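The structure displayed is predicted, hence computed values, not measured ones.
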Amino acid sequence: MLKLSRQIVKYRIPILILGLVLLIPATAGYLHTKVNYDILYYLPDNIETMQGQDILLNDFGKGAYALLIVEDMDDIHAARLKEKVEAVDHVADVVWYDSILDDNIPQSMLPDEIYQVFHSDQATLMAIFFDGGTSETSTMDAIDQIRDITGETCFLSSMSAIVTDTKHLVDEQLFWYVSIAVVLSAIVLALTMDSWMAPVLFLLTIGMSIIYNLGTNFIQGEISFVTMSLTAVLQLAVTMDYSIFLWDSYREQRSKLADKNEAMAHSIAETAVSVAGSSLTTIAGFIALCFMTFTLGRDLGIVMAKGVVLGVICCITLLPSMILLFDGLIQKLHHRPLNIKGEKLSAFIVKHHWIMLFVSMLLWIPAIIGYNKIDVYYNLDSSLPGYLPSIQANEELEKNFSMNTIHLVLADADLPEKDVRNMLSEMEQVDGVEFALSTASLIPSDIPGEFLPDSMTGTLKSGGRQLMLISSEYKVATDEVNRQIDQLGTILKSYDESAMLIGEAPCTKDLIDITDHDFQVVSAVSIIAIFLLICFVLRSFSLPILLVSVIELAIYVNMSIAYYTHTTLPFIASIVIGTIQLGATVDYAILMTNRYQLERANGKDKTEAVKIALSSSLPSIVTSALGFFAATIGVGLYSDVDLIGSLCLLMSRGALISMVLVLILLPSLLLLFDPIIQKTSFRHY
């Protein structure tokens with residue numbers, strides 16, 4: 001490793017030039033990577049709801065739909081507006097009451113209940129179908145055009161409208177996410193480093209690694225907006241330590257060696273070994289997300305694992321090159337850093353370790369209770385601010401039509417008309433169903449179906465299937481709508497075994513079932529993987545149990561705070577936070593334990609070994625945790641997308657909680673279990 005390190009130092013200028021040149025294709029890759037803003041897109045392809053979405057798109061040419069609420073407009077002007085909307089690119093169909101009967105049948109023959117579906121006292125309702133998927137660019141562009149045409153008195157409600165607003169909001173705030181994280185991280189680094197120039201070089205190096213990571217996402221084709229929003233912030237938070245390790249090692253080597261190049265070569269060799277071990281637990285945490293059936297986890301896991309690897313590479317190549325290049329400026333901008341001393345605190349904690357242990361153990365009770373009772377939400381609109389047009393449209397839909405969501409039924413086109421009418425009649429008796437429509441129910445039973453215009457027949461029948469609409473007054477992801485979906489599914493299957501119930505609410509119900517299972521899998525995989533890694537790194541069978549237990553308590557405390565503060569979390573938080581917090585902060589515990597093992601191997605008694613381990617590792621642990629906190633807290637407080645804000649707040653809080661418990665609980669456990677640790681560990685010093 002030292003030979004390779006000397007080559008890195010020797011060719012530092014070409015390495016730096018290559019690093020700058022690589023920013024060009026990386027930037028191009030970043031700009032050409034598609035971002036997906038639809039959470040439900042990441043459901044597995046083999047479930048019925050997703051298969052139904054494919055049938056809807058392939059057979060009916062309809063991938064997404066929206067409901068247009070038009071307030072205070074008479075039928076004549078509404079009809080003109082409908083024509084304008086139909087002319088928008090990628091609008092497949094617009095269904096209104098005037099779409100239903102052929103021109104030679106008077107509108108007065110339309111059943112009253114059907115007319116009332118499209119009319120309330122103050123508003124008119126139109127159903128719009130698009131020829132693209134929910135999150136396709138063409139659909140979002142069409143949403144924007146429809147909003148321009150319809151004006152402020154019209155509201156567009158749909159998952160596509162929510163996705164479009166999410167895109168605009170995230171695109172608007174993404175720059176500020178990164179800026180806030182960089183500024184707050186720079187403040188922490190400036191206070192804890194001994195040169196004002198060091199934070200600049202750190203952030204430049206990490207920034208380049210982030211651009212490489214974002215650019216190589218082009219290989220995947222597209223990434224989620226969640227991944228896109230978190231990548232820069234999270235990569236900055238979890239890889240900042242590597243730069244600090246190199247810097248501390250370089251300063252130490254400079255005090256021993258007169259030649260700065262040789263000092264840097266030794267620093268690179270030393271840092272590469274320590275960073276490789278440290279990064280493995282973080283990578284393992286992210287890789288565990290890839291075991292989720294809900295593939296958003298795989299999306300985030302792959303990108304972030306890749307980001308950690310790139311962060312390590314840049315730390316031992318680009319950062320040394322920059323430090324050597326700007327060595328003179330670094331010396332000129334030297335200052336006295338914030339001095340974090342651990343001797344007094346270490347002595348206090350060791351002296352009162354039984355109290356620390358008792359208090360920490362008591363935390364398990366409220367932590368477990370709160371952890372098991374946290375409330376989560378699954379519908380995306382709950383994560384968005386109320387001022388967005390799509391959220392306002394949902395409120396208008398509920399106010400004017402007592403409607404919150406639409407279910408779609410795909411049934412056999414040859415299902416007898418009598419059976420269709422009976423089935424829909426049964427469905428309308430289910431609690432919360434406002435209406436159920438098909439070609440059979442759009443006109444009175446005494447009028448032949450041939451009187452429906454071809455355009456309407458083509459809209460609702462295609463590819464051997466027919467499309468039906470069911471309106472629900474229940475909101476997506478509620479217990480009420482999930483019971484309703486089960487009841488509707490039972491009725492549907494009794495008439496047609498091959499029929500499918502699809503739409504936002506059925507997809508979200510599948511999301512709930514799938515992520516409940518994913519949570520168990522990801523937690524188990526991350527704990528087992530990190531447990532085995534710690535076994536390998538520390539060469540001990542007992543220490544991994546203690547270290548993982550400390551961080552797991554920190555995770556439970558972190559998540560339980562949401563329950564005690566009456567905070568509802570996005571569903572993804574309960575899955576990914578535990579994995580990320582475990583992988584990223586168990587390093588604090590490994591750092592202290594490693595030093596404890598060294599001191600015990602050198603003949604120190606357990607009390608002295610723990611005291612030295614705690615006092616020596618405390619500054620690094622505090623600096624690391626504060627850096628993680630700084631990189632995430634600002635985004636958590638600023639973001640208007642609760643899905644992003646909640647994740648960042650949980651990560652920032654988790655870093656501090658892990659830090660505190662490692663500093664007060666881990667020393668107590670090391671003292672208590674020292675005899676067992678010595679018998680179940682292999683010395684490697």
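- Salt-bridge formation is not detected for the pair D605/R600: no Lys NZ or Arg NE/NH1/NH2 atom is positioned less than 4.0 Å from an Asp or Glu carboxylate oxygen.
- A distance-only check finds a donor-acceptor pair linking the side chain of H335 to the backbone of M193 [under 3.5 Å].
- Distance check, rounded to the nearest 0.5 Å: CE of M322 to OG1 of T205 gives 4.0 Å.
- The side-chain heavy atoms of R298 and M292, taken from C-beta on, include no pair separated by under 4.5 Å.
- When atom types are taken as modelled, the side chain of S321 and the backbone of I15 share no donor-acceptor pair closer than 3.5 angstrom.
- A donor-acceptor contact shorter than 3.5 Å is absent between the side chain of Q173 and the backbone of S639.
- S574 places a side-chain N or O within 3.5 Å of a backbone atom of F571 that can act as its donor or acceptor partner.
- The number of heavy atoms from other shown groups lying within 6.0 Å of OH (Y564) is above 12.
- Taking a 6.0 Å sphere around OH of Y30, one finds it holds 12 or fewer heavy atoms contributed by other residues, nucleotides or ligands.
- Only one option out of V308, L319, I316, I206 pairs with Y242 in a side-chain contact (heavy atoms from CB on, under 4.5 Å); it is V308.
- Under the salt bridge (Lys or Arg N to Asp or Glu O under 4.0 Å) criterion, K373 pairs with no residue, sequence neighbours left out.
- Between the side chains of E552 and Y556, not a single donor N or O lies within less than 3.5 Å of an accepting N or O.
- Note on residues 342-369: no pairs pass side-chain hydrogen bond (donor to acceptor under 3.5 Å, both in side chains), not counting sequence neighbours.
- For the pair S185 and L236, the minimum side-chain heavy-atom distance is below 4.5 Å.
- At a cut-off of 3.5 Å, with distance as the only test, a side-chain donor of N217 or K306 sits close to an acceptor on the other residue.
- Of all heavy-atom pairs spanning G627 and V188, the tightest one is N-CG1, 4.0 Å.
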Between M592 and L663, does a side chain to side chain contact (heavy atoms under 4.5 Å, CB included) hold up when you go through it step by step? CA-CA 9 Å; M592 183 188 298; L663 293 178; 4.0 Å; yes
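- Closest non-hydrogen pair, P320 versus M264, comes out as CB-SD, 3.6 Å.
- Ring geometry for F519 against Y371 counts as tilted: the plane angle lies between 30° and 60°, on a 0 to 90° scale.
- In summary, the side chains of H266 and E262 do present a donor paired with an acceptor at a separation below 3.5 Å, with no hydrogens or angles considered.
- The closest side-chain heavy-atom distance from V226 to D299 is not below 4.5 Å.
- Here CG of L665 is found 10.0 Å from CG of L672. Values are rounded to the nearest 0.5 Å.
- More than 12 heavy atoms of other residues, nucleotides or ligands sit less than 6.0 Å from atom CZ of R251.
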Hey, mind stepping through L666 and L547 against side chain to side chain contact (heavy atoms under 4.5 Å, CB included) and telling me if it holds? CA-CA 7 Å; L666 182 57; L547 271 58; 3.9 Å; yes
All N/O donor-acceptor pairs, side-chain side in residues 608-624, below 3.5 Å, sequence neighbours left out:
from : atom 1 : to   : atom 2 : distance (Å)
S615 : OG     : K611 : O      : 3.0
S615 : OG     : I612 : O      : 3.2
S616 : OG     : R595 : NH1    : 3.4
S616 : OG     : I612 : O      : 2.8
S616 : OG     : A613 : O      : 3.2
S617 : OG     : A613 : O      : 2.6
T623 : OG1    : P619 : O      : 2.8
S624 : OG     : D241 : OD1    : 2.7
S624 : OG     : D241 : OD2    : 2.5

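- With a 4.5 Å cut-off on side-chain heavy atoms, F628 and S658 do not count as touching.
- A donor-acceptor distance shorter than 3.5 angstrom exists from the side chain of S668 to the backbone of I664, with no hydrogens or angles considered.
- Y638 and W176 have tilted rings, their planes meeting at an angle from 30° to 60° on a 0 to 90° scale.
- No donor-acceptor pair under 3.5 Å is formed between the side chain of S383 and the backbone N or O of V641.
- Contact annotation: the side chain of T585 never approaches that of M659 to less than 4.5 Å [non-hydrogen atoms, C-beta and beyond].
- Of the possible polar contacts, none joining the D375 side chain to the T568 backbone as a donor-acceptor pair under 3.5 Å is found.
- Here the side chain of H334 pairs a donor or acceptor atom with the backbone of D194 at under 3.5 angstrom.
- Residues P570 and D642 meet the side-chain proximity criterion, which asks for heavy atoms closer than 4.5 Å.
- Side-chain N or O atoms of E599 include none that pairs as donor or acceptor with a backbone N or O of K604 at under 3.5 Å.
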Side chain to side chain contact (heavy atoms under 4.5 Å, CB included) between I644 and Y177: does it pass, once the steps are laid out? CA-CA 10 Å; I644 305 301; Y177 294 167; 4.1 Å; yes
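- Closest approach of A367 to S560, counting heavy atoms only: O-CB, 3.4 Å.
- Under a 3.5 Å cut-off, the side chain of S274 and the backbone N or O of T271 do form a donor-acceptor pair.
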Please walk me through it: do L23 and M208 pass side chain to side chain contact (heavy atoms under 4.5 Å, CB included)? CA-CA 7 Å; L23 290 175; M208 292 174 71; 4.1 Å; yes
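- Using a 4.5 Å heavy-atom cutoff, the side chains of D587 and I590 are in contact.
- Shown here is Y377, whose OH atom has more than 12 heavy atoms of other residues, nucleotides or ligands within 6.0 Å.
- Minimum interatomic distance between R653 and A562 (heavy atoms only, all atoms of both residues): NH2-N, 4.2 Å.
- Residues L569 and L650 form a side-chain contact, since some pair of their non-hydrogen atoms from C-beta on lies under 4.5 Å apart.
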